[in-house]
Amino acid sequence: MDSRDMRSPLARAEGLGSAKGGVKHWWAERVSAVALVPLTVWFLGSVIAHAGGDYDAVITWLKTPLASLAMIVLLLALFHHTALGLQVVIEDYVHSDARFAALIAVRLGCLALASAGIVATLRIVFSP
């Protein structure tokens with residue numbers, strides 16, 4: 001017996017079924033989480049290493065190419081992962097008309113925070 005025969009006439013007519021969009025979202029969450037592990041360890045180690053230093057030492061460290069690139073990648077991965085996680089929470093628990101507005105607000109908020117962090121990093125890197 002074909003699996004299409006088990007469906008209701010309405011389901012066969014509308015072609016309802018899996019949208020197959022969840023797998024991409026699931027992988028994006030996992031990849032960003034795995035990327036965040038070494039980046040977070042690097043960031044925390046750097047903060048601990050510069051804890052006793054002054055402002056100029058931290059700025060000099062952040063101006064190095066490896067530190068500035070890692071900081072930008074950390075910000076991108078962090079806020080992308082945050083947006084993906086909050087999207088799942090909103091989709092699962094917000095059942096009103098506010099869902100779309102909340103999703104847009106989360107995306108724009110994460111984009112604004114990531115942009116602010118990247119701009120701040122670049123301003124430090126390219127300051128005289």
Side-chain angles (χ1 to χ4, degrees):
M1 181 175 263
D2 190 20
S3 65
R4 290 182 294 173
D5 296 334
M6 301 296 288
R7 299 172 70 190
S8 70
L10 180 61
R12 282 194 301 271
E14 292 180 340
L16 296 177
S18 171
K20 297 178 181 58
V23 173
K24 181 180 176 186
H25 188 98
W26 186 86
W27 272 108
E29 276 186 314
R30 294 334 178 256
V31 168
S32 64
V34 169
L36 280 171
V37 170
L39 289 168
T40 304
V41 170
W42 164 81
F43 180 70
L44 291 176
S46 299
V47 168
I48 292 168
H50 291 93
D54 60 348
Y55 176 80
D56 291 330
V58 175
I59 295 299
T60 303
W61 163 76
L62 192 55
K63 284 187 174 191
T64 63
L66 180 63
S68 58
L69 180 64
M71 184 65 74
I72 290 171
V73 172
L74 172 66
L75 289 166
L76 289 172
L78 177 68
F79 287 109
H80 181 63
H81 185 76
T82 302
L84 291 172
L86 289 174
Q87 177 183 341
V88 170
V89 171
I90 290 168
E91 288 173 348
D92 287 348
Y93 297 108
V94 177
H95 302 293
S96 66
D97 293 335
R99 177 187 293 185
F100 182 73
L103 288 171
I104 296 299
V106 163
R107 287 289 172 137
L108 289 176
C110 287
L111 178 66
L113 290 170
S115 299
I118 291 169
V119 167
T121 302
L122 292 175
R123 286 191 64 182
I124 290 170
V125 170
F126 293 114
S127 67

Worked check of side chain to side chain contact (heavy atoms under 4.5 Å, CB included) between I59 and K63: CA-CA 6 Å; I59 295 299; K63 284 187 174 191; 3.9 Å; yes
Does the side chain of L76 come within less than 4.5 Å of I118's, by heavy atoms? yes
Where do L36 and L74 land on the side chain to side chain contact (heavy atoms under 4.5 Å, CB included) test, with the steps shown first? CA-CA 7 Å; L36 280 171; L74 172 66; 3.9 Å; yes
Taking atom NZ of K24 and atom CD of E29, what is their separation to the nearest 0.5 Å? 13.5 Å
Distance check, rounded to the nearest 0.5 Å: L84 atom CG versus W26 atom CH2? 13.0 Å
Which heavy atom of M71 sits nearest to which heavy atom of W42, and what is that distance? N-CH2, 3.8 Å
Start with the C-alpha gap between F100 and I104, add the side-chain angles, then the distance that decides, and say whether side chain to side chain contact (heavy atoms under 4.5 Å, CB included) holds. CA-CA 6 Å; F100 182 73; I104 296 299; 3.9 Å; yes
Transitively linked via ILVMFWY side-chain contacts under 4.5 Å: F79 with W27? no
Per-pair distances, 0.1 Å, donor-acceptor, side chain in residues 109-116, under 3.5 Å, sequence neighbours excluded:
| from | atom 1 | to | atom 2 | distance (Å) |
| --- | --- | --- | --- | --- |
| S115 | OG | L111 | O | 2.7 |

Measure the spacing between CG of L103 and CD1 of I90 and express it to the nearest 0.5 Å. 5.0 Å
Would V106 and Q87 count as a side chain to side chain contact (heavy atoms under 4.5 Å, CB included) if you check the C-alpha gap in whole Å, the side-chain angles of each, and the deciding distance to 0.1 Å? CA-CA 7 Å; V106 163; Q87 177 183 341; 5.8 Å; no
Hydrophobic cluster membership, L39 vs V47, 4.5 Å side-chain cutoff: yes
Return yes if some donor-acceptor pair links the side-chain N/O of T40 with the main-chain N/O of V37 below 3.5 Å, else return no. no
Does F126 share a hydrophobic cluster with W61, counting links as ILVMFWY side-chain heavy atoms below 4.5 Å and allowing steps through other members? yes
When clusters are formed by joining ILVMFWY residues with side-chain heavy atoms under 4.5 Å apart, either directly or through shared neighbours, do I124 and V119 land in the same one? no
Residue pair H25 / V88, side-chain heavy-atom distance below 4.5 Å: yes
For a quick test of reading the model, state the closest non-hydrogen atom pair linking G117 to L75 and the distance between them. C-CD1, 3.4 Å
D97, CG atom: more than 12 neighbouring heavy atoms under 6.0 Å: no
